[in-house]
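Report on the structure given below.
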2 protein chains.
Amino acid sequence: MFEPTIKDIAKICGVGVSTVSRAINDHPDINSETKEKIMSAIREYGYVPNDSARNLKRVDAKAIAVLVKGIANPFFTGMITVIEQECKKRHYSMELSHIEADEDEVDVAQKVVKEKRLRGIIFLGGLFSHSEEKLKKLTVPFVFSTAGSIPENISRKLYSSISVDDRRESARMVEYLIRSGHTRIAILVAEAQEESVGRLRLDGYCDALKAHGIAVDPKLICQTRDDRGHFSMENGYLSTQKLLGRGEAFTALYAVSDTLAIGAMRALYETGLRVPQDVSLAGYDGIDMTDYIVPSLTTIRQPVEEMAKDTTRLLFDIIAKRTKHQHITYEAKLLVRESTIKIPE
Amino acid sequence: MFEPTIKDIAKICGVGVSTVSRAINDHPDINSETKEKIMSAIREYGYVPNDSARNLKRVDAKAIAVLVKGIANPFFTGMITVIEQECKKRHYSMELSHIEADEDEVDVAQKVVKEKRLRGIIFLGGLFSHSEEKLKKLTVPFVFSTAGSIPENISRKLYSSISVDDRRESARMVEYLIRSGHTRIAILVAEAQEESVGRLRLDGYCDALKAHGIAVDPKLICQTRDDRGHFSMENGYLSTQKLLGRGEAFTALYAVSDTLAIGAMRALYETGLRVPQDVSLAGYDGIDMTDYIVPSLTTIRQPVEEMAKDTTRLLFDIIAKRTKHQHITYEAKLLVRESTIKIPE
DNA sequence: TTGTCCATTGGAAACGTTACCGAAGTTTTG
DNA sequence: CAAAACTTCGGTAACGTTTCCAATGGACAA
């Protein structure tokens, strides 16, 4: 099978390689007739430029990477879909890479960047607990999307971030539950390492309780130290079983992710507890399925589409030096649905 | 920021570039002392080989591509996660690309292969209705995973395939429903183009009914021509509403994917129909969540892990010419759960 | 006419790596 | 002890692009 190169095309058209290159890349200094001739030869022979050669010659590849921790999470696949479309629009390719639970995101990023000479990085999920020094080593701009809080001692000028105010939104959910008459509110946190979203949402939970004069009861806080699949449904199921095993009474259960909540649903059901009659159940994220299951899940909906678009736009703006690093916070939406009810007086 | 190249490392160690190359690539013709010296310099200076240069020099990149139609489908993300791990094990990188609904998978593949000089392609989902001629143009081995039926007139030697026998498994589900006393069984098919999995599963449905002497009633078959998001929950919801609107009575509803079934669940609920008391509901795929929602969903579980592993293994075997193209069919598992019941006599 | 400028082009040097070839030194063989 | 074989290495030519620089020819101004 004959795979033409730029040289072949040049020979076929009786022009120099640089002219062909100009044609491909829409350079201005080229006669439109020549260009048309070249383009038609390219079509005819099915020539496709070799990406490796291009990227080698260019100082940097026309590509960015998306690093995700937990690709199975529907919340992230939603984001990824949008980000990919946005990249395509800009004729950039998107390298999608999965970070294992035990890998350090910045280390992985550094390796990928050097290997592929990428222009930028988007971190999805994951944790942000890196030293400023390490971050500085990352030579390309990067945007943290929905990645928990970032330690105060790290300069905000080093990175961008896109997220909702997890602590605040979480508090809003709990406040809603309190207003609905709940006082014994249990919480399911998959992990609550310092700086993680789990931690932020847990903090928000505590904030709300305190604001309403309700003591935070550690017996109602269920967190697993399991490092794998933090937000898996299985984890939600197992954690809830553990919580129920404590024999502590509660009228509402707030899971810090929808997937956890779905797992919890089953555990509650198996124990004979009905949602919402016996226990109000709430989640966080607002993934599609929460709207379809029965009962539909009360949750905090993050503006996925908007966040994903802005994440991409911001990254490209920074790459093009049109802007400096930014930190954008979005308004999430409290969706009250069937899984939670008011406690009757 | 200084980014060392192989030349820099060579200079630092006082050796030739080829020696450094030998060290990096575990070539045999190198003194272990020299190698150790080089490797430590590499670590010290944080040298990472440039992938583009490597791929340019090598005839083909150490990479494969996974082309997915519908990345939001949890069934596929499950497959992808496993495939990625398998690639990592073999020190190959995996290019993940999403095929838009209106794109031709083989065209996309061809472009990607030429651009990136990949060694192989995995198609996930999508449709297989391509001419043999077109397929032949694809110069690298490719494996179709869970991609419907393939027209008889295409030589089996041109590609590999990995799937369950969709028609057979689908029939098994419907047979189970019939044995449970259901005779009015409606079916939800997102799309049923020739050769699609939807079509196969619909065929299986018809097979089972006929085998039991039940007439296939077109009024119980609900298919959408909507080309976007075939298997989305929303589609399941809307289709079911449409089906219910017909006023046709049925005791069981079989959706050809779990996501469709979840959508159906809501539509049934809104109409006041209880699952499973009023309508038995069944899905297909066996994604995680079917086990956690209430009621848990009766479904056909495809052996995702095994299929994904075999898909990758097979592709690499073909690339290495250890084997020819193969066609593997897996046994799926009928999981009877809470969403379906026997019709009382 | 002569010189300047513009539009368009071709040549060639890089980009960072791998792989071939041959050289040098060392060990084994006859 | 010479020849042969084996180890270990360095030099260098590619791989397919892009980009700089110089060259050509024609148009236009002086």
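Here is how names work: the chains are called A, B, and so on, in the same order as the sequence lines, proteins then strands, and each is numbered from 1.
- Nearest nucleotide to the B:Ser18 side chain, out of D:dG10, D:dT17, C:dT18: D:dG10.
- Going from atom CD of A:Glu33 over to atom C1' of C:dA7 covers 14 Å, rounded to whole Å.
- If you measure from atom CD1 of A:Ile24 to atom C1' of D:dT17, you get 9 Å, rounded to the nearest angstrom.
- Summarising the geometry, the separation between CZ on A:Arg117 and P on C:dT17 is reported as 7 Å, rounded to the nearest angstrom.
- Closest to the side chain of A:Asn50, from the set D:dT17, D:dC20, C:dG16, is D:dT17.
- A side-chain contact (heavy atoms from CB on, under 4.5 Å) with A:Gln110 holds for exactly one of A:Glu105, A:Glu115, A:Lys137; it is A:Lys137.
- If you check the side chains of A:Ser145 and A:Thr311, you find a donor sitting under 3.5 Å from an acceptor.
- The side chain of A:His27 approaches D:dT19 more closely than any other nucleotide in the set D:dT19, C:dT8, D:dA13.
- Here D:dG10 is the nucleotide among C:dG16, C:dT9, D:dG10 with the atom lying nearest to any side-chain atom of B:Arg22.
- The side chain of A:Leu56 has C:dG16 as its nearest neighbour among C:dG16, D:dG11, D:dC9.
- Between A:Lys11 and A:Asp8 there is no salt bridge, since no side-chain nitrogen of the basic residue lies less than 4.0 Å from a carboxylate oxygen of the acidic one.
- Checking C:dT8, D:dT18, D:dG10 against the side-chain heavy atoms of A:Val17 singles out D:dT18 as nearest.
- The separation between A:Asn25 atom CG and D:dT19 atom P is 7 Å, rounded to whole Å.
- Here the side chain of A:Val15 is nearest to one of D:dT17, C:dG10, C:dG16, namely C:dG10.
- No contact: B:Ser52 has no heavy atom under 4.0 Å from any strand.
- Looking at the side chain of A:Pro49, the nearest of the listed nucleotides D:dT17, D:dA13, D:dC9 is D:dT17.
- Within 4.0 Å of B:Asn31, counting heavy atoms only, lie sugar-phosphate atoms of the nucleic acid but no base atom.
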Check the pair B:Tyr159 / B:Leu138 against side-chain contact (heavy atoms from CB on, under 4.5 Å), numbers first and verdict last. CA-CA 10 Å; B:Tyr159 65 96; B:Leu138 226 42; over 6 Å; no
